[in-house]
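All remarks here apply to the structure that follows.
Just so we're on the same page: letters track the sequence lines, and every chain starts at 1. No experiment lies behind these values; they were computed from the predicted model shown.
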Amino acid sequence: MPETPTPPPEEQDPVTSNSYSAIYLISSILLILTLFWALYDEVYGLRPWKSYQRKFVSLYLSNLKKLKPREKGAEEEIRKTEGYQELDRAYKAAELEATPKVKDIDRQVGLIDDRATALTDTFQTARSEVSAKIYEIEHASTRSRPSLEKELEEIKRGPFKVELPLLDGSEKKERVSYTFEELEKEFDRLKGLKADLLATRLEVLKQANDFHKKRDQYLEERMIGLTEQQVGSLISKMEAFNVEIKQINVPEYGIVDRCESCHVGIREPLVLEARELGGMRAFTSHPDRELLKIHNPDRFGCTPCHNGNGRATISAEKAHGQNEHWLWPMYASKNADAGCVQCHLNDIVLDHADTLNYARQMYWERGCMGCHRYEGYDKEPEQLLAVNQTLRSLEGQKKENQKEIAALEKDSENAATNEEARQLLAKAQEIPMKISLLDAQMEQLDMQSKSLLREQKKIGPNLKDVRLKLKKEWIPVWLEQPTAFRPTTKMPNFRLSQEQRQAIAAFIWQSGTEASVSKQPPGDAQNGKELFEIRGCQACHSLGEGNERMGGTFAANLSRVGEKANYDYLVRWIHNPRERTLPYCPFEKKEITAADYAKHGLPFVFDPDHAKCPNDGHELQVQQTTVMPNLRLSWKEAQDIASYLVTERHTNASYPPAAFMDDPGLKAKGVQYVKFYGCASCHEIAGLEEEGRIGTELTKEGSKPIDNFDFALLARKAKNEGWYTGKGFIEHKLQQPEIYDTGMVKSPLEKLRMPNPHLDDQQRSAITTFLIGSVDSSWPNDLFYNPSGQARDIQEGWWIVRKYNCMGCHQVRLSQRSVLMDLPRYQNPDWREQLPPRLVGEGARVNPRWLEQFLANPALNTTETDRNGVRPYLKARMPTFFFSPDEIRKLVRFFMALSTQAEPYIPQRLEALSSQETQMARELFTSKAAPCLKCHATGETTHDKTATAPNFLLAKDRLKPNWTGRWIADPAVISPGTSMPSNLFKLQGGRYVFSGPLPDLFKSYDKDQIALLVRYMFELSPEEQRRLLSRR
Amino acid sequence: MADENGNNKGQKGLTSVLEKVKGDTKALKEKATEEIKIYKEIDRTQLYKSVFRVKHDDTPRGRALGILTNVFLHLHPAKINRDAVRYSYTWGMGGISFYLFIVLTFTGVLLMFYYHPTKGQAFRDILYLEADVPFGKLLRNMHRWAAHLMVITVWLHMFRVFLTGSYKKPREFNWVVGVVLMLLTLLLSFTGYLLPDDQLGFWAVTVGTGMARATPLLGNEGPFGPQLGMNPFNDIRFALLGGSIVDANALLRSYIWHCIGIPILISIFMAVHFWRVRKDGGISGPAPVMLESEIKELKRGAVVAPTKAGGH
Amino acid sequence: MDWQQLWEIASTPDNIPIVALLFLVPFYTWYAFRQARANDQLIGALEGSPELAKTHHRKTLPFKPEWPREVHVWPYLLRIEFLAAIIVTVILMIWSITLNAPLEEPANPNFTMNPAKAPWYFLGLQEMLVYFDPWMAGVVLPSLILVGLAAIPYMDENPLGAGYYTLKQRKWSIAAFCFGFLVLWLTMIFIGTFIRGPGWMWFWPGQTWDHSRVVFEVNRDLPDLFFITSAWGKGILGAIVMAVYYGLAGLLVHKIITLNEFNRKIFKRMSLLQYLTLQFFLIMMMLLPLKIFIRHAFRIKYIWITPWFNI
């Protein structure tokens, strides 16, 4: 066929003649462009951290450069100080003194070096030749050896001619010819000489160097910021900075965090703030250095606490894990504490995590845990339930066994043969054994339930007492909107319809216990006010509305209490809040009445010491399940306070009559609502004592997949507004619990029932932090904080301290302030002395055994209890909490652990006083300069009127001798602002001596006088004390 | 060489040596210029000839040889129907699919360097690819998108082949091979889906293999399956996943199918496919249109049923 | 109208191919049919005048006798192939740089994705699950599709239209294929991607995919309409109905195959085996749209219920 003919121009063959060059050009250009694009993307687009680092370096450098002079100035200041100058002078002097010697040494060393260098060359060639020859010999045949050895001799004999400079410093040189041995010897000699010289050099300079070190150290210690050369080193570090991925890699936990690739300054020694660094928040240093010290990033990385995607470096969004489908998005800074929760599960109080502490306390105080189970909170109800179930089953078995005995005996009577009868009887005799075993078990369980019953507390008041306590008409009004009556109440606002309200009110009212409180004479309101303020009520309770509100937030605000409460009941309550109207038997699940006691011919008394059920002998709940302690006030005082409180009311307040509350028909309806809204989770309600929790458990709420949060119809809205996250869900839920019902068609009992906890923004964000942090951690357990020993004691102790609000009256940690401290009354100096004792260091002070007794009975006295056991002179009253043995144990261990006391405690033995020493001690005790008994109580009423310090008689059991010693030496150190005078004694030749005029007795006495005093104090007997009193 | 001469004679006095060296360098220069002339015409060098064996000048013969002597281009005939070159006719989908397959193989092999088919590690490797590996992100994206694109091109290729009736005699069998290739393409893509071991892949595969449960006779939920004693632990789905759930084994299996099993199969079928294209007379048409009047009587030997059977 | 939802679906990286198909397929169909029309015109002309038919080179593509009938692969074909390669690479690169391959949460068997979708190219099958039990939708029908495809060249006895685009000469075969490929396969995929939301419920484009959506759907079976309760009754009824369907559908198919002069000519060329296989596959193919129709129109789930399988 024709090979590509050339067709006429007008008839171009499109297939062969079309040129593709244009399109080729374009597409290949495109290709190249895309290639470059890919390259750019790789180098810059996906490596934003590069520019970050460059930017940081430049900004930081300029800062440092600015910083340097300033620090220099500061440094100059210190250089001027006397201390520095002194050291500096000393250093200079030492150096000056050393210099001539040093110079001389250096000169000699120089000479030696010259000689050595002159020698070295020859020596080394010689040596290599010799060793080569030796090698030859070693590998030579025996036959050829002799000749070789001869040759070796030849070589060694040399002679080696060298021209060496003399060591005397003259320029002269000596020509010498050495044999190999001599050569070697000379060389070694020189080496030896040099070594000695250098050693002496160090010796000479030692003193100077020491001073030099001291001086710099002095500077270090006094420099607040960085010293000049530290800044210098930082600068040089930055100048040598190379742009690269900065990563923390912890293989054993699979942590790979490149956060520092952008957050370059996070671990810089300086405090870096955004405004100093061109407003780049990425460059700030970590806000809490202490925290970093505890959690060293090189071990913990960043993401375990902050979340986010530690590996990702391609964009801030990815690195912070804020892209879709990333399960662990970084916590916002205001939720930063959320990161703590997963590892610090059991710390209700945690340093560096105030938000979290606040939230955890709130979760408790606001009764969240009533409906929402959370690991660690409010364990008692479940345990109690379990205990009683086992108890019931055991009882069952017991009954069975007893029946069996009877049956067997019966059979044995009409048994065919004696043989058979005997066997049956034998069987019957075995059974009591079983029974006794069961009894033993049950006893154990009863013990358990005893302490559980004591520990079990409810947030809300006991509703069995409504009839005795409350104004009937008030109840439905209250239910409508608690905050309307009392804005700060813990009771949340339920969304109840009129009908629901009435039903609930009716049920509550009608299920209340029918009983009567003894009538109480009116008291003196004026005195009541006084008492209310001085007895320490305000550590938990507040009075006054709005801005007048004053006092603690731990318990209810008592303004308007007069509108709702019955005076007689109030008196009883104040006199002993734990006093119950009727005991409750969790075993039978019913209230025990006087009738039950009468049935078994028992007196109708029930209190912590008489807590056995007359019907079945199991433990009773004999106390109100409130945390409010018994202040051991006299009836008079109780009446006074009560009369004062009933004056707290809005005079114009009026409540519509509520006849419906006695309508039995409503009661039936009411119970279902009460169950539905879970009232029983905060209140004790007849018949509903064992109601379970109605809310979802929140222990692992944080790791719920987003799709499991039911946004209902708001999903789209949430997405658009950017809160389609667990956090967003919780925040909105807390703000408006019914929000996810919007637009839904539901019957009343299908609606979301969570009430509105009326939290302010800060509280809401705190709770949110706590909840989003409560995750099913993916990190290995050995990263968690599960301490043992004293650290654990502290962990456990905090739960008790929080539960009973010890910190309302006491300072438990240095930084913390008690509620009372801030009350206006206690700003006045003489009242400041009336503050309850600071418990910082309590562990070091007191004997743990004694502390146990004290906590069990703060009156330290069984008969007359209207007093403070240790400090009778304090107006504020250390109340009785009726702790369970376990709680007491935990508290004591807590205090011991806080001041790291050795466990177990072994009392220190004190040698008895000689009669002469006793004499001396008395002298000191009563000396005009330090009349101890002037302030310290003695138990003698007239004297104690003026006393402001504890009774010495307590010391023996209460205090630890060595602490007492330290205390006497310098009380101010241990508890600043104490009225106990400091420097009564002064140090003299390693022993304390009384500062006041010493009686002649002491002339010959050379022992420590504080020790003497302490020993005396620990021997002190009542008689002795009386004797002393008489002496003054 | 030149230097040697220099050295050999170099013993005699300095002057003569100098001259010798001068002379040699001159000769050397000439020789070099000569050779450079030759190198200018690259195709005359020994190296070039050894590689290309023949001279590809712009003569018809040259062009033909260019194709025939090249193992890759040899897929093509030397000359083809003038209109078969037109894009409007071919759409080039077959070629593009093949090119995409090559791209996929290339990127795939590179990806294999960074991937471990084990639970937990697999997912981390993908993150690693995204953040650390140079061009890792690009690599992964290209692999993914090329795979999707290939599915499309394969479909369009098939569409085109049908519309041009190119499956008709004598190309029936190649069409069948094509169908198999399409199936394999889909399977390749599907097996790759699980490998990142993320929710997307996991549930896609769960759904996909879930259907296998219902295979008649062989599935534990399929018709007559239970009757034949099929249960979740012995049915076909179990065989596919290496377990009753999508788990480590499933991951490993899909990995091996994806990286070894199916690629081998598909390569074989591709070879057949291309080979048949040539043997069945190059890519079809565009043939001269045929008229109804020109339909020849079907001469179907006694192979299949006689023509009568066709009717009624 | 929830545009954001629509955008979310369309912009999901893994759905890009389908979006692409939405444009590619119509374009290429049009591209093909344009050429087909041209060819058909030519055919018409040639059939009109026999003498022209003798001389004409019979191609719509421009041609002059002096032009070579064959051209060299190098450069004329290869240049196009290389060009294609370059362009594809460019497209691929840009696509890969701008769009990231999806990566979701680590696989978690305890947390079900809703909707859990198969890769887009299998969504057609997943969609079929609505109308058939898995064993049909997931196994039988796909295998039939493959076998059917493979069988095409052996069933199609029409010698015309080999190697050029034409509608005129292959009306019915092209119609059938387009119906299968465009209408059934691609549309189903489209539905599976864009229409099916959480719980595999039907959401019109622009409707919000609401996870908590509830719809009322009666799912009755054909026998229920006749109040047949006994297993036997159901089985028998179903069998009868299916038989009837086969009969009718077969008749319909036969009508088409013998519709006009030309079709009959082709029909004569077919062997019985060919005819029956053709019948079978066409009937099976029509089963799907029919089932879809009665499902949506009469809300009938199963036609044929037996203890072992349901259709």
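There is no contact between C/Pro50 and chain B, counting heavy-atom distances below 4.5 Å. Only the side chain of C/Asp156 comes within contact range of chain B, with heavy atoms under 4.5 Å apart. The part of C/Leu186 that comes within reach of chain B is its side chain, from C-beta onward, which places non-hydrogen atoms under 4.5 angstrom from that chain. With a threshold of 4.5 angstrom between heavy atoms, C/Thr29 approaches chain B through its backbone and through its side chain. Proximity to chain C involves both the backbone and the side chain of B/Phe190, based on heavy atoms less than 4.5 angstrom apart. Contacts of C/Glu81 with chain B are made by side-chain atoms alone, with heavy-atom separations under 4.5 Å and no backbone atom involved. Interface residue B/Ser189: backbone and side-chain heavy atoms are both found under 4.5 Å from chain C. The part of B/Ala78 that comes within reach of chain C is its backbone (N, CA, C, O), which places non-hydrogen atoms under 4.5 angstrom from that chain. Contact of C/Ile97 with chain B is made through backbone and side chain together, with heavy-atom distances under 4.5 Å. In this structure, the portion of B/Arg144 lying under 4.5 Å from any heavy atom of chain C is its side chain and not its backbone. With a 4.5 Å cut-off on non-hydrogen atoms, B/Leu139 does not touch chain C at all. Contacts between C/Ile87 and chain B at a heavy-atom distance below 4.5 Å are absent for every atom of the residue. At a 4.5 Å heavy-atom cutoff, the contact between C/Lys117 and chain B is made by backbone atoms alone. Of the atoms belonging to C/Phe111, heavy atoms from both backbone and side chain fall under 4.5 Å from chain B. Heavy atoms of C/Ala151 lying under 4.5 Å from chain B are absent altogether. The part of B/Ile67 that comes within reach of chain C is its side chain, from C-beta onward, which places non-hydrogen atoms under 4.5 angstrom from that chain. Heavy atoms closer than 4.5 Å to chain C are found in both the backbone and the side chain of B/Trp145. Of the atoms belonging to C/Ile18, not a single heavy atom falls under 4.5 Å from chain B. In this structure, the portion of C/Ile80 lying under 4.5 Å from any heavy atom of chain B is its side chain and not its backbone. Heavy-atom distances place the side chain of C/Gln169, and not its backbone, under 4.5 Å from chain B. Interface residue C/Ser173: backbone and side-chain heavy atoms are both found under 4.5 Å from chain B.
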Working for side-chain contact (heavy atoms from CB on, under 4.5 Å), residues C/Phe27 and B/Leu156:
CA-CA 11 Å; C/Phe27 166 74; B/Leu156 288 176; over 6 Å; no

Please step through side-chain contact (heavy atoms from CB on, under 4.5 Å) for the pair B/Asn141 and C/Asn100, ending with a clear verdict.
CA-CA 6 Å; B/Asn141 294 352; C/Asn100 286 334; 3.1 Å; yes

Given the rule in the side-chain contact (heavy atoms from CB on, under 4.5 Å) test, do C/Leu103 and B/Leu127 qualify, once you have shown the distances and angles that lead to the verdict?
CA-CA 9 Å; C/Leu103 180 68; B/Leu127 293 179; 3.8 Å; yes

Derivation and outcome, ring-ring contact (aromatic ring centres under 6.0 Å, His included), residues C/Phe181 and B/Phe162:
CA-CA 11 Å; C/Phe181 179 61; B/Phe162 184 90; 9.8 Å; no

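If you take CE on B/Met290 and OH on C/Tyr164, they are separated by 7.0 Å, rounding to the nearest 0.5 Å. Note: C/Glu157 CD to B/Lys169 NZ = 4.5 Å, rounded to the nearest 0.5 Å. Taking CD1 from C/Ile145 and CG from B/Leu183, the interatomic distance works out to 11.5 Å, rounded to the nearest 0.5 Å. The line from CZ of C/Arg69 to CG of B/Asp83 is 9.0 Å long, rounded to the nearest 0.5 Å.
Scanning both residues, C/Gly138 and B/Met211, for their nearest heavy atoms gives CA-SD, 3.5 Å. Between C/Val73 and B/Pro77, the closest heavy-atom pair is CG2-O, 2.8 Å.
Heavy-atom pairs under 4.5 Å with chain C peak, among B/Tyr87, B/Phe202, B/Phe159, at B/Phe159. Interface summary for chain C: among B/Met182, B/Glu221, B/Arg140, the most heavy-atom pairs under 4.5 angstrom belong to B/Arg140.
The backbone N or O of C/Val71 sits nowhere less than 3.5 Å from a side-chain atom of B/Arg82 that would complete a donor-acceptor pair. At least one donor-acceptor pair under 3.5 Å links the side chain of B/Lys168 to the backbone N or O of C/Asn158. The backbone N or O of B/Asp198 lies less than 3.5 Å from no partner atom in the side chain of C/Glu105, so there is not a single donor-acceptor pair.
Ring geometry for C/Tyr28 against B/Trp91 counts as tilted: the plane angle lies between 30° and 60°, on a 0 to 90° scale.
Counting only N and O atoms by type, the side chains of C/Trp120 and B/His148 include a donor and acceptor under 3.5 Å apart. Side-chain polar atoms of B/Ser88 and C/Tyr31 form no donor-acceptor pair below 3.5 angstrom.
A salt bridge between B/Glu294 and C/Arg58 is present, with a side-chain N of the basic residue lying under 4.0 Å from a carboxylate O of the acidic one.
With contacts defined as side-chain heavy-atom distances shorter than 4.5 Å, the pair B/Ile80/C/Glu70 does not qualify. In this structure, the side chains of C/Thr89 and B/Tyr99 come closer than 4.5 Å at one or more pairs of heavy atoms. Two residues are said to be in side-chain contact when any heavy atoms from C-beta on lie closer than 4.5 Å; C/Trp135 and B/Arg213 fail this criterion. At a threshold of 4.5 Å between non-hydrogen side-chain atoms, the residues C/Glu104 and B/Pro196 do not count as touching. Inter-residue side-chain proximity for C/Arg170 and B/Leu163 is flagged as unmet; no heavy-atom pair is nearer than 4.5 Å.
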